[in-house]
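Since the structure comes first, as structure tokens, the remarks are kept for the end.
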Amino acid sequence: MSTGRAITKINLGGEGEEPSILNQQRRAVLDPGWRGCRKGDTLEQLASQGHDFLICPNTALCIADDSVDLVVTNSVRIDGLVLGEPTVQSSEIRRILASGGEWVHDGVARYTKP
Amino acid sequence: MTRFQDLLAASPNSSPSREQDRASRELPAVVRASRLHWWEPSAPPAGGTAVLLVVAPWSHYDLAMLDVLDESVPGPDRPGEAPPVFVANLERYRSVEELTADIPILESFPFQSPIAALWRDGAFRNVAWGKAGRDLVADALDLPPEAFNEQVIARTPRYSPSPDRTSHVGA
């Protein structure tokens, strides 16, 4: 995905459940067996519905420091391991948020970067 | 009733990861206080049909599903009307190999939770994960799968940019 636009909002671990927000997923999303949690859609189906994806590791988001206005996380493990794989990292969220940027987890604002 | 989703209640001076840790610790007690059953791999059901759900305690999708099931399955005063639903915590498994040791028919990597397995007459007969896992448990309990899935999704919180989203707790 390359729109040439700056990333200002991102849904880490997202599957398109937040309209108009870029979704980040690990490389596992490229496995032909991957399916979205909500409706069982494939990546291709989600993309054809207009959802954009950024694919990068949870531990090293390919997003500049202090650059994002909104980070959304929904029903994803924070700072953990799932079946041996590292999950979304709060340190990465704090790194990429711009000053005044907000982290909303499961619909609740949890952190605003000073 | 939201006894399972309440496990993830946000609290001031906490953080999402600490709340998820708490939900993981408290899940067995909440299951035992519900109409569902806690899964002990060392003591599986002797016979008949049962459903095992390996759930992610950080996932509102999974916890909302458990709430819907808790409201849907017959209570102890109506034994035998539906297969019992057993619950296990995905966090007890450190690798997919450990998970496969408990559910040998799991042949592909489960990219999503829940992992649902149908137990019949002493062995697992079918397994699915994610939305297909919810379909499997709905079929086993004679619930309409699409309506069941919609119920689960409708209960799952998400970001709302509207002015109504005023809650803010410290991370």
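Naming convention: chains lettered A, B, ... in sequence-line order (proteins, then strands); numbering from 1 in each chain. All figures in this text were calculated on a predicted structure; none of them were measured in a lab.
The residue among A:Asp79, A:Leu81, A:Asp31 with the most heavy atom pairs within less than 4.5 Å of chain B is A:Asp31. Most heavy-atom pairs under 4.5 Å with chain B, from the set A:Gly84, A:Cys37, A:Gly80, A:Gly36: that is A:Cys37. Per-residue heavy-atom pair counts under 4.5 Å with chain B were compared for A:Leu83, A:Asn74, A:Asn11, A:Ile78, and the maximum is reached by A:Leu83. Of the listed residues (B:Phe111, B:Phe109, B:Tyr61, B:Tyr93), the one with the most heavy-atom contacts under 4.5 Å to chain A is B:Phe111. When each of A:Glu18, A:Arg77, A:His105 is checked for heavy-atom pairs under 4.5 Å with chain B, A:Arg77 comes out on top. Looking only at heavy-atom pairs under 4.5 Å with chain A, the residue among B:Gly133, B:Ala56, B:Gly130, B:Ser59 that has the most is B:Ser59.
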Can you check salt bridge (charged side-chain N to carboxylate O under 4.0 Å, His left out) on B:Glu81 and B:Arg35, steps first, answer last? CA-CA 13 Å; B:Glu81 286 192 19; B:Arg35 292 181 172 186; over 6 Å; no
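Heavy atoms closer than 4.5 Å to chain B are found in the side chain of A:Glu15, but not in its backbone. Heavy atoms closer than 4.5 Å to chain B are found in the backbone of A:Val76, but not in its side chain. Both the backbone and the side chain of B:Gln20 come within contact range of chain A, with heavy atoms under 4.5 Å apart. Residue contact with chain A, scored on non-hydrogen atoms closer than 4.5 Å, is absent for B:Asp62. Contact of B:Glu150 with chain A is made through the side chain alone, with heavy-atom distances under 4.5 Å. Only the backbone of B:Ser113 comes within contact range of chain A, with at least one heavy atom under 4.5 Å from a heavy atom of that chain.
Taking all atoms of both residues into account, the shortest heavy-atom contact from A:Arg110 to B:Ser11 is NH2-O, 3.7 Å. Considering all non-hydrogen atoms of both residues, B:Arg32 and B:Trp38 come closest at NH2-CD1, 3.1 Å. The shortest heavy-atom contact between B:Leu8 and B:Ala23 is CD2-CB, 3.8 Å. A:Glu92 and A:Asn58 get closest at one heavy-atom pair: CG-O, 3.7 Å. Nearest heavy atoms, A:Gly40 versus A:Arg35: O-CD, 3.1 Å.
Ionic pairing of A:Asp66 and A:Lys113 is present here: one or more N-O contacts between side-chain nitrogen and carboxylate oxygen are shorter than 4.0 angstrom.
The aromatic rings of B:Trp39 and B:Phe124 sit tilted, their planes meeting at an angle between 30° and 60°.
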